[in-house]
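For reference, the structure is listed below as structure tokens.
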Amino acid sequence: MKRNDYISWDEYFMGIAHLAAQRSKDPGTQVGACIVDADNKILTMGYNGMPTGCDDDHMPWEREGDPLNTKYLYVCHAEFNAILNSGGRSLKGATLYATLFPCNECAKAIIQSGIKRVIYGEDKYADSDSVLASKRMFEMAGVTYDAYVPSGKEITIEL
């Protein structure tokens, strides 16, 4: 008889998004994303970080101060990186798992790439204009979004 305590697809893909987030060098916020097709095959992944070719040892990581000396004008978000990492492969009809609700800029890329569903971990900026705009665009474009609901069972990884 097969075991019955295996994890769901949502737990699996959100776990991968969390693992991807661990690659981020951002000292304040680590975000990961995983995009899958209708057959539950991983298409691409990403995490937040500086653009390729920009030495992150020489880029600003500050959160406050002169905008040119903070991370916000430079960091590529996890969702955006995952879309770019797809290498031009079609993402039409795909589902994106993200550890944080996408900002308005990532929402535009999600919509333009054809992704139709977003599962998100945290929505800690729910009242921000950026996230409110994301939700408005998602609703207009027919992109559904749902909060990830963990099963409550502990997930352990043995190495």
Side-chain angles (χ1 to χ4, degrees), residues 3 5-65 67 69-89 91 94-111 113 115-128 130-131 134-135 138 143-159:
R3 60 184 269 258
D5 61 344
Y6 56 89
I7 61 174
S8 70
W9 286 117
D10 282 352
E11 289 168 316
Y12 179 66
F13 296 129
M14 189 58 78
I16 290 171
H18 278 283
L19 186 61
Q22 296 306 304
R23 284 288 309 147
S24 174
K25 297 175 186 172
D26 189 321
T29 305
Q30 300 82 45
V31 180
C34 178
I35 302 175
V36 303
D37 69 13
D39 294 322
N40 292 316
K41 304 292 185 237
I42 296 171
L43 300 172
T44 182
M45 295 174 282
Y47 55 89
N48 60 312
M50 295 298 173
T52 302
C54 294
D55 185 348
D56 47 39
D57 288 331
H58 297 99
M59 297 296 288
W61 291 103
E62 289 75 24
R63 295 173 67 122
E64 296 180 9
N69 293 316
T70 67
K71 65 182 181 176
Y72 298 109
L73 294 177
Y74 305 101
V75 169
C76 295
H77 289 182
E79 306 90 331
F80 187 65
N81 269 331
I83 291 167
L84 293 175
N85 289 342
S86 71
R89 182 178 327 153
L91 302 177
T95 298
L96 181 141
Y97 289 82
T99 59
L100 185 63
F101 198 94
C103 73
N104 64 301
E105 293 299 319
C106 289
K108 290 185 262 186
I110 289 165
I111 293 165
S113 70
I115 293 168
K116 285 298 183 187
R117 184 172 179 227
V118 173
I119 307 293
Y120 62 92
E122 293 184 74
D123 194 7
K124 65 182 181 179
Y125 303 111
D127 295 328
S128 71
S130 175
V131 169
S134 294
K135 291 176 180 177
F138 284 160
V143 175
T144 61
Y145 55 90
D146 297 292
Y148 168 69
V149 180
S151 68
K153 62 182 157 196
E154 183 177 340
I155 298 172
T156 58
I157 299 172
E158 295 182 35
L159 300 176

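What you see is a predicted model; the values in this text were computed from it and never measured. We number each residue from 1, following the sequence as shown.
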Given side chain to side chain donor-acceptor pair (under 3.5 Å), test Thr70 with Glu64 step by step and report yes or no. CA-CA 6 Å; Thr70 67; Glu64 296 180 9; over 6 Å; no
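- A donor and an acceptor atom, one from each side chain of Asn85 and Thr44, are nowhere located under 3.5 Å apart.
- For the pair Ile42/Cys34, a side-chain contact is recorded, criterion being any heavy-atom separation below 4.5 Å from C-beta on.
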Cys76 vs Met50, test: side-chain contact (heavy atoms from CB on, under 4.5 Å). Steps then yes/no. CA-CA 6 Å; Cys76 295; Met50 295 298 173; over 6 Å; no
Does the pair Ile111 and Val143 meet the rule for a side-chain contact (heavy atoms from CB on, under 4.5 Å), with working shown? CA-CA 7 Å; Ile111 293 165; Val143 175; 4.0 Å; yes
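- Judged by the 6.0 Å distance and 45° axis criteria, Lys135 is positioned over the aromatic ring of Phe101.
- Met45 is listed as a side-chain neighbour of Ile16, based on a closest heavy-atom distance under 4.5 Å.
- No side-chain donor-acceptor contact under 3.5 Å links Tyr47 and Asp26.
- Taking 4.5 Å as the limit, some side-chain heavy atom of Pro60 sits within range of a side-chain heavy atom of Tyr74.
- What you find for Tyr148 and Gly121 is that their closest heavy atoms are CB-CA, 4.4 Å.
- Considering every non-hydrogen atom in both Gly46 and Ala20, the closest pair reads O-CB, 3.7 Å.
- Rounded to the nearest 0.5 Å, atoms CZ (Phe80) and OG (Ser113) are 11.0 Å apart.
- At least one side-chain heavy atom of Leu91 sits less than 4.5 Å from a side-chain heavy atom of Ile35.
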Show your reasoning for whether side-chain contact (heavy atoms from CB on, under 4.5 Å) applies to Val118 and Ile110. CA-CA 9 Å; Val118 173; Ile110 289 165; 4.2 Å; yes
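- Other residues, nucleotides and ligands place more than 12 heavy atoms under 6.0 Å from the CG atom of Asp57.
- For CE of Met14, the number of neighbouring non-hydrogen atoms (other residues, nucleotides, ligands) closer than 6.0 Å is greater than 12.
- You'll find the side chain of Leu96 reaches within 4.5 Å of the side chain of Glu79, heavy atoms only.
- Between Asn81 and Asn48 there is no side-chain heavy-atom pair separated by less than 4.5 Å.
- Neither side chain, Thr99 nor Glu122, offers a donor N or O lying under 3.5 Å from an acceptor on the other.
- Distance check: His18 NE2 to Tyr97 OH gives 12.5 Å after rounding to the nearest 0.5 Å.
- The main-chain N or O of Ser8 is found under 3.5 Å from a side-chain atom of Glu11 such that the two form a donor-acceptor pair.
- Crowding of Phe138 atom CZ: a count of heavy atoms from other residues, nucleotides or ligands under 6.0 Å exceeding 12.
- Side chain to side chain, Asn104 and Ser134 fail the donor-acceptor criterion of an N or O pair below 3.5 Å.
- Looking at heavy atoms from C-beta onward, Lys71 lies in side-chain contact with Arg63 at the 4.5 angstrom threshold.
- Contact check for Asn40 versus Phe13: side-chain heavy atoms found under the 4.5 Å cut-off.
- The backbone N or O of Asp39 lies less than 3.5 Å from a partner atom in the side chain of Asp37, making a donor-acceptor pair.
- Ion pairing of Arg3 with Asp5 is present here, as a side-chain N (NZ or NE/NH1/NH2) and a carboxylate O approach within less than 4.0 Å.
- Between the Trp61 side chain and the Asp56 main chain, a donor and an acceptor come within less than 3.5 Å of each other.
- Taking CZ of Arg89 as the reference point, atom CG of Leu43 lies at 5.5 Å (rounded to 0.5 Å).
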